[in-house]
Amino acid sequence: MRQDDGTRGYLITFEGSEGSGKSTQISRIARRFESCGYEVEVTREPGGTEIGESIRHVLMHAEESSKMAPETELLLFAACRAQLVRERIAPAINSGKIILCDRFLDSTTVYQGIARNISAEPVKMINEFAVGDVVPDITVILDIPAEMGFERIKHRHNDMPDRMESENIEFYHKVREGYLMLAKTLPERYLIIDGTRARDDVEEQIWKELRKHVI
Ligand code: TMP
């Protein structure tokens, strides 16, 4: 997004199922941009603001969340995003920074829309209301088979998985297919990266692609 004074902020979002390695790659890519002299801001969804982190707790960990209706879930994710956009993302874009965001509106399209089966129309409308005119410049999808994500989560947690991680394997097949379908609808925004490869290789691949767009 180019600003009036010519500075250009970038919103780069990272998507993929649980265990796809998003957070590791975001830290690595942030360091890469910083070493090229860019100002970088890293954030995540749900969360990234005080309000958003409180909502994250309700969405993922609170005991009462086991009773949550899919519609409530959709609105809470959107509420988190509305706050994150206004409090952090839009100001960062306006000051010409590169923002790396761990999940964004595509997560809602895929998890609530496709995997939870809420109709596409309200999901799209609520997503648009939450973000206004702030849309990602580029979205990196780390693609891994659902089974691999599950295995990785098991090794990550010695304690209880959160509410979203407790979904069955079928849900995660839908998530994966949902991302791949989304990427087909708008190939110029999405980079599909094979997340099954070694971390260094994945980083190299993402960096090679992002450099073509940003540097
Ligand atoms: P993570 O921070 O470990 O990626 O977990 C966030 C979880 O929330 C993950 O299971 C995906 C889910 N999620 C949605 O279902 N919809 C959304 O809009 C977002 C941002 C996340």
Side-chain angles (χ1 to χ4, degrees), residues 11-27 42-49 51-62 65-66 68-89 99-120 122-131 134-136 139-144 146-179 181-182 193 195:
L11 173 58
I12 303 172
T13 58
F14 288 72
E15 298 280 356
S17 66
E18 281 70 6
S20 59
K22 289 180 283 89
S23 32
T24 304
Q25 293 302 330
I26 288 172
S27 312
V42 172
T43 189
R44 70 165 178 180
E45 279 207 21
T49 64
I51 292 171
E53 291 295 332
S54 301
I55 299 175
R56 180 183 176 97
H57 174 74
V58 175
L59 274 164
M60 292 164 75
H61 302 290
S65 71
S66 61
M68 193 177 295
E71 293 78 3
T72 312
E73 184 181 284
L74 166 67
L75 290 165
L76 287 178
F77 278 117
C80 265
R81 182 164 312 127
Q83 187 64 27
L84 183 68
V85 162
R86 284 149 190 89
E87 192 175 320
R88 290 193 56 193
I89 296 181
I99 302 111
L100 305 181
C101 191
D102 189 340
R103 301 193 179 279
F104 199 60
L105 81 178
D106 296 320
S107 282
T108 302
T109 305
V110 168
Y111 281 78
Q112 280 65 55
I114 296 168
R116 289 258 193 264
N117 216 11
I118 301 179
S119 329
V123 172
K124 186 168 179 285
M125 192 189 74
I126 289 165
N127 262 345
E128 285 172 1
F129 181 67
V131 302
V134 174
V135 287
T139 297
V140 176
I141 296 176
L142 287 175
D143 179 48
I144 56 165
E147 291 79 2
M148 181 182 264
F150 256 56
E151 271 310 298
R152 287 184 178 176
I153 286 168
K154 258 192 252 161
H155 292 105
R156 196 166 66 183
H157 284 286
N158 295 321
D159 52 358
M160 293 279 287
D162 66 43
R163 189 175 65 91
M164 300 301 291
E165 288 168 351
S166 308
E167 288 295 337
N168 61 28
I169 192 79
E170 200 41 52
F171 185 86
Y172 289 100
H173 281 297
K174 287 187 195 162
V175 166
R176 184 187 189 195
E177 291 313 312
Y179 278 123
M181 222 160 65
L182 208 57
I193 303 289

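Counting starts at 1 for both ligands and their atoms, in listed order. FYI, the numbering just counts along the sequence from 1.
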Trainee: Any non-hydrogen atom of Arg116 lying under 4.0 Å from ligand 1?
Mentor: no

Trainee: Step by step, work out the salt bridge (charged side-chain N to carboxylate O under 4.0 Å, His left out) result for Glu147 and Arg176.
Mentor: CA-CA 11 Å; Glu147 291 79 2; Arg176 184 187 189 195; over 6 Å; no

Trainee: Which residue and atom name correspond to the protein heavy atom nearest atom 16 (N) of ligand 1, and how close is it?
Mentor: Gln112 OE1, 2.8 Å

Trainee: How long is the gap from CG on Leu84 to CD1 on Ile51, to the nearest 0.5 Å?
Mentor: 11.0 Å

Trainee: Write down the atom of Gly52, the atom of Cys80, and the distance for their closest heavy-atom approach.
Mentor: O-SG, 3.5 Å

Trainee: Quick check: closest heavy atoms across Pro70 and Arg116, and the distance to 0.1 Å?
Mentor: CB-CD, 4.2 Å

Trainee: Quick check: Arg56 and ligand 1, any N/O pair under 3.5 Å apart?
Mentor: yes

Trainee: Using distance alone, decide if ligand 1 has a nitrogen or oxygen within less than 3.5 Å of any nitrogen or oxygen in Asp162.
Mentor: no

Trainee: Backbone or side chain, does any N or O of Arg103 fall under 3.5 Å from an N or O of ligand 1?
Mentor: yes

Trainee: Atoms of ligand 1 less than 4.0 Å from Met60 heavy atoms?
Mentor: 5 (O), 6 (C), 7 (C)

Trainee: Hey, is Glu73 touching ligand 1 through its side chain, its backbone, both or neither, going by heavy atoms under 4.0 Å?
Mentor: neither

Trainee: Which atom pair, heavy atoms only, marks the closest approach of Tyr111 to Gly16?
Mentor: OH-O, 3.7 Å

Trainee: Would you kindly specify which portion of Glu165 sits under 4.0 Å from ligand 1, judged on non-hydrogen atoms: side chain, backbone, both or neither?
Mentor: neither

Trainee: Would you mind checking if Glu170 and Lys174 are paired as a salt bridge, meaning a charged N to carboxylate O distance below 4.0 Å?
Mentor: no

Trainee: On a heavy-atom basis, which atom in Tyr179 and which in Ser17 lie closest, and how many Å separate them?
Mentor: CE1-N, 4.2 Å

Trainee: Which of the numbered atoms in ligand 1 are below 4.0 angstrom from a heavy atom of Lys22?
Mentor: 4 (O)

Trainee: Quick one: look up the protein heavy atom nearest atom 12 (C) of ligand 1 and list residue, atom name and how far away it is.
Mentor: Phe77 CZ, 3.8 Å

Trainee: With a 4.0 Å cut-off on heavy atoms, is Arg44 touching ligand 1?
Mentor: no

Trainee: Among Leu105, Ile12, Val131, which one satisfies side-chain contact (heavy atoms from CB on, under 4.5 Å) with Pro136?
Mentor: Leu105

Trainee: In the protein, what heavy atom is nearest to atom 10 (O) of ligand 1, and what distance, to one decimal place, separates them?
Mentor: Glu18 OE2, 2.2 Å

Trainee: Quick one: does Glu167's side chain have a donor or acceptor within less than 3.5 Å of a partner on Tyr172's backbone?
Mentor: no

Trainee: I need the atoms of ligand 1 closer than 4.0 Å to a non-hydrogen atom of Thr108, numbered in the order shown.
Mentor: 17 (C), 18 (O)

